[in-house]
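Here the structure is laid out as structure tokens; the discussion comes afterwards.
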Amino acid sequence: MSARIRIRSALAGEGLGNEIMIKGWVRTIRAGKEVAFLALNDGSCFANLQVVAEPRLANFADICAIGTGAAVAVRGILVESPASGQRYEIHAEEVEVIGAADESYPLQKKRHTFEYLRSIAHLRPRSNTFGAVFRVRSSVAQAVHRFFAERGFLYVHTPIITTSDCEGAGEMFRVTTLDPAAPPLLEGEVDFSRDFFAAQAGLTVSGQLEGELFAQAFSDIYTFGPTFRAENSNTPRHAAEFWMIEPEMAFADLMADAALAEEFFRYLCRHVLDACGEDMAFFNDHIDKGLIARVEQVANSSFAIMEYGEAIERLTKATVKFEYPVEWGLDLQTEHERYLTEQVVGGPVFVINYPKYIKAFYMRMNDDDKTVAAMDLLVPKVGEIIGGSQREERLHVLEGRMAEVGVNPEGLWWYLDSRRWGSTPHAGFGLGFERLIMNLTGMENIRDVIPFPRTPRHAEF
RNA sequence: UCCCCAGUAGCUCAGUCGGUAGAGCAGGCGGCUGUUAACCGCCUUGUCCGUGGUUCGAGUCCGCGCUGGGGAGCCA
């Protein structure tokens with residue numbers, strides 16, 4: 001009895017001329033009197049392996065009745081295919097139905113809309129598109145770790161549950177064990193001192209602040225974990241639960257930060273082109289026609305850097321009409337970002353040194369006292385993909401900024417302590433993993449690049 | 001949260017001027033074929049999202065609601 005090999009190996013010709021064993025799920029079956037063909041997929045690669053079954057097999061009639069979606073094991077000889085359409089195929093000696101699938105199997109051998117496939121998220125990974133998406137997602141996640149490992153970055157697991165309600169990045173989901181029907185009250189308010197953590201707790205909206213603490217010990221660190229936002233955002237780019245990558249470097253300024261972001265992003269573009277060719281070809285053909293050229297261009301270009309002030313100037317002089325106003329002091333809208341990266345630069349561009357009023361309190365104040373050392377990486381088609389900054393390492397300046405924007409320093413005493421002893425100039429950035437995957441695959445909805453998406457009103461599966 | 005669009009067979013959709021619904025695919029039966037989302041013939045399938053209204057009569061027009069999608073805001 002041969003041991004099972006993956007279809008990816010079989011399609012690479014491993015075991016050619018010999019008996020092999022494969023196991024997978026039937027994508028389509030074409031049965032006739034003289035011969036039956038099964039297209040089998042086990043998730044190891046995009047392509048199916050064609051199984052050829054002949055009437056001499058004892059259970060040939062049963063084989064012909066196998067439905068789309070059934071799990072089968074096939075023992076047979078791997079041979080070169082006499083017909084066009086595939087290089088290799090397996091001539092079955094034995095076909096065993098491991099798990100049958102009847103006609104009610106919701107995934108038909110035809111095109112479905114992404115909306116419908118979202119309603120069967122438990123089955124959609126068995127489709128072409130989602131097979132490709134989740135192979136790429138896995139591969140890119142591993143490449144992220146490899147990138148940082150190769151550069152000596154420490155991988156830190158920052159907490160999922162936090163009691164600091166002032167991380168400053170949106171609404172938090174509450175974490176509590178109090179009885180929602182009858183919470184303990186103190187002067188009319190919920191008494192969270194009697195809650196599990198003796199404080200109001202929530203799910204993290206960012207691991208950055210804790211990441212900074214680790215950077216002040218390990219020099220270069222990164223986080224890569226789930227992040228939660230309780231915003232009622234109904235867009236193709238927002239999810240309530242998503243994964244974020246946040247590197248942080250001690251003894252680093254904004255330019256070092258931008259250099260890392262550029263190296264990182266180009267590394268990942270190169271990675272999908274090199275490691276996910278078959279899946280990328282599918283995306284390029286069926287999802288986003290210009291995808292490979294665009295990813296190739298990013299992988300090969302060196303990124304421009306533009307001051308926020310210059311960006312405003314360029315936008316003011318633009319001949320196209322924008323829906324939203326352009327003025328120094330206002331944030332850039334997606335339409336502005338895309339104009340800058342697509343029309344002005346024609347490639348990825350960092351916009352740096354934004355007005356302090358539109359950026360977070362922890363970003364380092366520049367000498368002009370008007371701007372902070374922030375950077376956004378803008379890329380064609382999507383706009384901002386990476387946001388980062390040099391952090392304010394001077395205790396009194398940081399305290400001043402917190403007072404200015406109304407952040408309560410009490411809950412962040414530990415964060416301020418990192419500026420009290422051995423403070424260093426440091427910088428980091430954040431990258432939404434799903435948005436990265438969208439950019440690398442051409443998929444246009446975040447719900448279609450995360451296995452089981454959580455969005456307002458949706459937490460099924 | 002605001003704005004716009006949509007909801008008809010298991011899936012993807014059509015449905016004219018308001019007159020009780022149709023195609024392709026899927027499924028069933030038969031045929032044919034080293035086939036390629038095979039092909040050919042026959043057959044089955046409906047709470048037309050819900051609700052109220054206008055009308056002799058509503059899938060179709062109007063109000064409200066629900067659900068989904070897109071745009072915006074927020075943001076990664």
Side-chain angles (χ1 to χ4, degrees), chain A residues 26-40 47-54 64-65 67-69 79-87 89 91 101-120 123 127-128 167-171 204-208 223-246 286 323-324 331-335 337 358-360 376-377 379 382-388 429-439 444-450 455-458:
Chain A
V26 174
R27 283 292 175 82
T28 175
I29 176 166
R30 295 176 291 276
K33 266 211 174 70
E34 300 303 318
V35 63
F37 299 96
L38 287 79
L40 212 62
N48 304 320
L49 180 62
Q50 173 157 283
V51 177
V52 184
E54 292 175 345
C64 292
T68 301
V79 300
E80 299 207 16
S81 178
S84 62
Q86 59 282 314
R87 185 161 172 203
E89 62 187 25
H91 281 200
D102 67 15
E103 69 283 352
S104 63
Y105 181 61
L107 259 182
Q108 300 177 0
K109 50 183 182 187
K110 57 169 259 184
R111 203 192 165 281
H112 289 294
T113 60
F114 289 144
E115 288 86 350
Y116 172 68
L117 290 168
R118 273 170 223 151
S119 74
I120 52 167
L123 298 170
S127 68
N128 282 335
E167 285 172 348
E171 288 294 307
T204 183
V205 295
S206 166
Q208 181 198 314
T223 72
F224 184 2
T227 309
F228 307 88
R229 303 275 167 93
E231 303 285 353
N232 187 16
S233 296
N234 294 284
T235 86
R237 292 175 301 282
H238 290 86
E241 175 183 286
F242 61 99
W243 287 63
M244 191 151 63
I245 300 156
E246 294 175 295
H286 297 282
E323 193 181 341
Y324 289 85
D331 207 355
L332 301 179
Q333 302 293 327
T334 300
E335 58 172 349
E337 295 174 343
I358 57 175
K359 290 294 181 184
D376 284 353
L377 174 61
V379 294
V382 290
E384 181 189 339
I385 185 127
I386 287 177
F429 63 80
L431 168 64
F433 186 58
E434 284 74 21
R435 291 191 180 174
L436 170 71
I437 299 301
M438 289 166 73
N439 191 255
E444 289 186 333
N445 195 310
I446 197 167
R447 303 169 181 106
D448 297 329
V449 296
I450 189 164
T455 53
R457 297 183 303 282
H458 293 282

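The sequence lines fix the lettering, A, B, ..., with proteins before strands; numbering per chain opens at 1. Because the structure is predicted, anything quoted here is derived from the model rather than measured.
Taking atom C1' on both nucleotides, B:A9 is separated from B:C39 by 24 Å, rounded to a whole Å. Using P as the reference atom, B:G41 and B:A23 are 14 Å apart when rounded to the nearest Å. Taking atom P on both B:C56 and B:G18, the two are 16 Å apart, rounded to the nearest angstrom.
Each of B:C11, B:A37, B:C75 was ranked by its minimum atom distance to the side chain of A:Arg229; first place goes to B:C75. Counting only heavy atoms from C-beta on, A:Phe37 has its side chain closest to B:U35 among B:U35, B:C25, B:A38.
A:Glu241 places its CD atom 21 Å from the P atom of B:C75, with the value rounded to the nearest Å. Whole-Å rounding puts the A:Ile446 CD1 to B:C74 P distance at 17 Å.
At B:A38, one or more side-chain N or O atoms of A:Arg30 fall inside 4.0 Å of OP1 or OP2 (strictly under the cut-off).
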Might you work through the ring pair (Phe, Tyr, Trp, His ring centres under 6.0 Å) test for A:Phe242 and A:Phe433, ending with a clear yes or no?
-> CA-CA 7 Å; A:Phe242 61 99; A:Phe433 186 58; over 10 Å; no
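With sequence neighbours excluded, the residues that form a side chain to side chain contact (heavy atoms under 4.5 Å, CB included) with A:Arg118 are A:Phe114, A:Glu115, A:Arg124, A:Asn445, A:Arg447, A:Asp448.
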Under-3.5 Å N/O pairs linking protein and nucleotides 65-72 of chain B:
{"residue": "B:G68", "atom": "OP1", "partner": "A:His458", "partner atom": "NE2", "Å": "2.2"}
{"residue": "B:G68", "atom": "OP2", "partner": "A:Arg457", "partner atom": "NE", "Å": "3.2"}
{"residue": "B:G68", "atom": "OP2", "partner": "A:Arg457", "partner atom": "NH2", "Å": "3.3"}
{"residue": "B:G69", "atom": "OP1", "partner": "A:Arg118", "partner atom": "NH1", "Å": "3.2"}
{"residue": "B:G70", "atom": "OP1", "partner": "A:Asn445", "partner atom": "ND2", "Å": "2.6"}
{"residue": "B:G70", "atom": "OP2", "partner": "A:Arg447", "partner atom": "NH1", "Å": "3.1"}
{"residue": "B:A72", "atom": "OP2", "partner": "A:Arg237", "partner atom": "NH2", "Å": "3.4"}
{"residue": "B:A72", "atom": "O3'", "partner": "A:Tyr324", "partner atom": "OH", "Å": "2.9"}
{"residue": "B:A72", "atom": "O2'", "partner": "A:Tyr324", "partner atom": "OH", "Å": "2.8"}

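Using a 3.5 Å distance cut-off with no hydrogens or angles, the side chains of A:Thr455 and A:His458 do not pair a donor with an acceptor.
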